[in-house]
Amino acid sequence: MSVSDEFDAWAADGRDKGMEERHWHTAKHVLSRMPVEAGDTVLDLGTGSGYPLRALADTKDIGRGYGLDGAPEMARNAREYTREAGHDNIGFVVGDFGSLPFADDSIDHVVTMEAFYYSSDPRETLREVARVLRPGGTFHCAVNYYEENVHSHEWQENIAIDMTRWDASEYRAAFREAGLAVATQDNIADEEIEIPPAAHFPTDDWESREAMVERYRTYGTLLTVGVA
Amino acid sequence: MSVSDEFDAWAADGRDKGMEERHWHTAKHVLSRMPVEAGDTVLDLGTGSGYPLRALADTKDIGRGYGLDGAPEMARNAREYTREAGHDNIGFVVGDFGSLPFADDSIDHVVTMEAFYYSSDPRETLREVARVLRPGGTFHCAVNYYEENVHSHEWQENIAIDMTRWDASEYRAAFREAGLAVATQDNIADEEIEIPPAAHFPTDDWESREAMVERYRTYGTLLTVGVA
Amino acid sequence: MQESLLDIVCCPLDKSDLELEAIRRDDDEVLEGRLVCTECSEEYPIEDGIPNLLPPDMREA
Amino acid sequence: MQESLLDIVCCPLDKSDLELEAIRRDDDEVLEGRLVCTECSEEYPIEDGIPNLLPPDMREA
Ligand SMILES: Nc1ncnc2c1ncn2[C@@H]1O[C@H](CSCC[C@H](N)C(=O)O)[C@@H](O)[C@H]1O
Ligand SMILES: Nc1ncnc2c1ncn2[C@@H]1O[C@H](CSCC[C@H](N)C(=O)O)[C@@H](O)[C@H]1O
């Protein structure tokens with residue numbers, strides 16, 4: 001099963017926009033933390049609809065933004081949304097996390113939202129990130145599928161790609177092994193998703209209100225920040 | 001006016017514990033983000049009551065913690081609280097931010113809570129931090145007195161030490177100038193301080209509820225994370 | 001794709017420079033064409049303005 | 001102060017190693033004494049278990 005087999009279908013039936021909407025609750029915090037200066041070059045891995053680059057162009061005056069995705073239909077949609085929004089310094093490429101098509105030291109900051117765990121070899125991906133970043137460049141890696149987030153464990157059942165489920169300390173160790181200093185690590189809560197009153201549970205997705213609160217407000221997304 | 005002239009009095013009349021209580025609302029988030037591994041050596045600059053090191057010893061199994069403070073009475077209280085709490089791997093030294101008494105590359109992580117802006121030469125302090133940190137070591141620098149936080153500007157009137165009031169981008173630029181890569185930057189809200197209902201305003205300290213909300217919930221403390 | 005991408009893009013396999021062979025352009029982008037590796041000569045297609053830089057064995061048929 | 005501090009502490013002025021001259025100890029700490037710079041011979045007092053490593057011109061009289 002390839003990334004494009006899986007995710008082209010997501011793009012075709014609108015799940016790219018659905019993810020953007022849900023991920024934005026936490027992604028906006030990740031993006032606002034990035035120490036991006038005017039003119040910087042930013043790479044977004046597994047860009048989906050491409051919203052992180054549009055947000056960085058709107059708020060931080062990036063020089064250039066590149067979105068990489070393994071699913072051609074995702075890149076196609078992302079390019080269209082970005083043109084419609086009038087950005088002319090953001091481009092998209094189809095590529096794989098395992099062999100980034102960017103020169104050594106060519107990127108100031110890399111970001112990835114809810115995509116890293118799909119990498120077929122996450123340690124190789126980290127080495128590639130360390131390679132393309134200039135010395136002192138940062139990697140903001142946000143994942144909602146990880147060991148401590150027990151509510152995410154079942155996601156693997158619904159997807160044909162093998163997912164990586166590290167815990168927070170495994171993220172730190174793997175970053176360091178790849179030559180990225182770990183700067184900081186944090187859980188970013190989703191404070192915006194609406195959680196119904198207790199009487200509405202069980203819902204289609206949640207057994208109990210406590211479980212849903214824990215998933216979104218406590219665990220949220222795990223952000224690990226590395227520096228090359 | 002020296003640091004000890006100003007702050008020894010704070011320690012003597014219990015303001016060290018008062019600060020600990022107030023700063024804890026945001027400090028606990030800063031401390032939990034630090035990528036400290038078991039056995040690491042951590043330095044806390046302007047340690048006050050010394051609570052950051054006690055918290056790191058309790059939660060992250062640090063190897064050794066050192067708290068530096070320019071006010072001997074602060075260090076004396078901090079040492080006493082720490083002995084009472086039964087920690088035997090935390091020590092305190094009297095020293096100045098401008099000439100740290102630690103060897104090059106001897107520290108894994110440096111933290112400072114609401115103290116950096118008292119440095120008489122903050123750029124020199126950053127160079128000192130870069131010097132004592134091992135390559136890849138981190139500096140978590142949290143300040144509630146900074147340019148964007150307009151509600152803090154008046155604090156200078158009540159203190160005889162010249163305070164540094166940089167904005168977020170000046171923090172980033174100064175870190176880089178000192179050889180610290182800026183990894184990430186963020187405002188950490190104080191979600192815990194009790195804010196009275198609108199009818200109670202003006203209070204002794206606050207003209208309006210909006211101002212108090214902005215001060216604590218929006219601005220909070222500015223965290224800049226650097227990597228040596 | 002914009003030509004400025006050439007400054008930083010490289011062959012995903014050997015990380016060598018790529019050469020642009022443009023077939024169709026609009027005002028600011030290359031819409032159809034190829035990126036060719038100056039080292040291994042591998043060709044990467046550009047379609048609808050998007051270069052496909054997947055390693056060749058991962059590319060769709 | 002615990003003696004393990006000697007591993008990483010240095011003279012605030014010239015960053016050279018310090019030598020411990022202990023005057024009073026308890027089970028695990030030096031309570032009174034001096035840290036003496038092996039380079040500039042500056043002396044830093046240890047009082048009530050806390051070394052004062054302020055540059056001498058900033059030290060209280
Ligand atoms: N190995 C791989 N190489 C490149 N892209 C990959 C990949 N594995 C998964 N992806 C892409 O990663 C994305 C994950 S979905 C997340 C999309 C977006 N960042 C958001 O926050 O909404 C998908 O678009 C998928 O096509
Ligand atoms: N130049 C300097 N060198 C060393 N310590 C200093 C200093 N300027 C201020 N300080 C110390 O910094 C502290 C600031 S108050 C903050 C204390 C503690 N970190 C907390 O969060 O509550 C005081 O204890 C003061 O004595």
Side-chain angles (χ1 to χ4, degrees), chain A residues 1-5 7-8 11 40-43 47 50 63-80 82-83 86-108 110 120-121 124-125 127-128 131-134 137 161, chain C:
Chain A
M1 189 77 182
S2 78
V3 168
S4 109
D5 288 340
F7 290 101
D8 276 339
D40 278 356
T41 297
V42 179
L43 171 63
T47 194
R64 299 198 222 158
Y66 296 108
L68 177 143
D69 207 287
E73 293 304 320
M74 284 283 185
R76 191 188 293 268
N77 284 0
R79 177 168 181 270
E80 201 164 299
T82 303
R83 284 165 68 98
H87 295 289
D88 59 6
N89 58 342
I90 298 173
F92 295 91
V93 307
V94 175
D96 187 71
F97 293 168
S99 41
L100 299 182
F102 296 97
D104 298 7
D105 300 349
S106 62
I107 308 282
D108 294 300
V110 177
S120 60
D121 183 346
E124 173 189 60
T125 298
R127 288 193 298 272
E128 279 288 89
R131 180 184 66 76
V132 303
L133 279 173
R134 60 150 168 94
I161 295 173
Chain C
M1 60 160 274
Q2 297 193 309
E3 289 200 37
S4 54
L5 178 62
L6 289 173
D7 300 347
I8 65 168
V9 86
C10 72
C11 175
L13 300 178
D14 57 27
K15 315 299 181 190
S16 300
D17 288 348
L18 298 174
E19 225 164 57
L20 173 65
E21 295 179 8
I23 296 173
R24 198 159 61 82
R25 299 175 185 264
D26 70 3
D27 280 355
D28 33 49
E29 288 201 283
V30 178
L31 297 177
E32 311 288 331
R34 279 185 284 278
L35 293 166
V36 184
C37 179
T38 55
E39 183 67 27
C40 70
S41 304
E42 188 62 50
E43 299 190 0
Y44 300 93
I46 305 167
E47 281 169 29
D48 300 326
I50 300 172
N52 186 330
L53 290 151
L54 285 171
D57 64 343
M58 297 182 76
R59 214 183 288 157
E60 296 295 283

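Order of the sequence lines sets the chain letters (A, B, ...), proteins ahead of strands, with each chain counted from 1.
Ranked by heavy-atom pairs under 4.5 Å with chain C, the first of I107(A), D104(A), L100(A) is L100(A). The residue among V94(A), D88(A), V132(A), D5(A) with the most heavy atom pairs within less than 4.5 Å of chain C is V94(A). Per-residue heavy-atom pair counts under 4.5 Å with chain A were compared for I46(C), L53(C), L13(C), and the maximum is reached by L53(C).
Residue S16(C) does not touch chain A at all, counting heavy-atom pairs closer than 4.5 Å. For chain A, no part of D17(C) is nearby; none of its heavy atoms comes within less than 4.5 Å. For E29(C), the part lying under 4.5 angstrom from a heavy atom of chain A is the side chain only.
The environment of E19(C) atom CD is sparse: at most 12 non-hydrogen atoms of other residues, nucleotides or ligands sit within 6.0 angstrom.
Of all heavy-atom pairs between L5(C) and R64(A), the closest is N-NH1, 4.1 Å.
Taking CD of E42(C) as the start and SG of C37(C) as the end, the distance is 8.0 Å to the nearest 0.5 Å.
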Worked check of side-chain contact (heavy atoms from CB on, under 4.5 Å) between I8(C) and T41(A):
CA-CA 10 Å; I8(C) 65 168; T41(A) 297; 4.2 Å; yes
Please walk me through it: do E128(A) and R131(A) pass salt bridge (charged side-chain N to carboxylate O under 4.0 Å, His left out)?
CA-CA 5 Å; E128(A) 279 288 89; R131(A) 180 184 66 76; 2.8 Å; yes
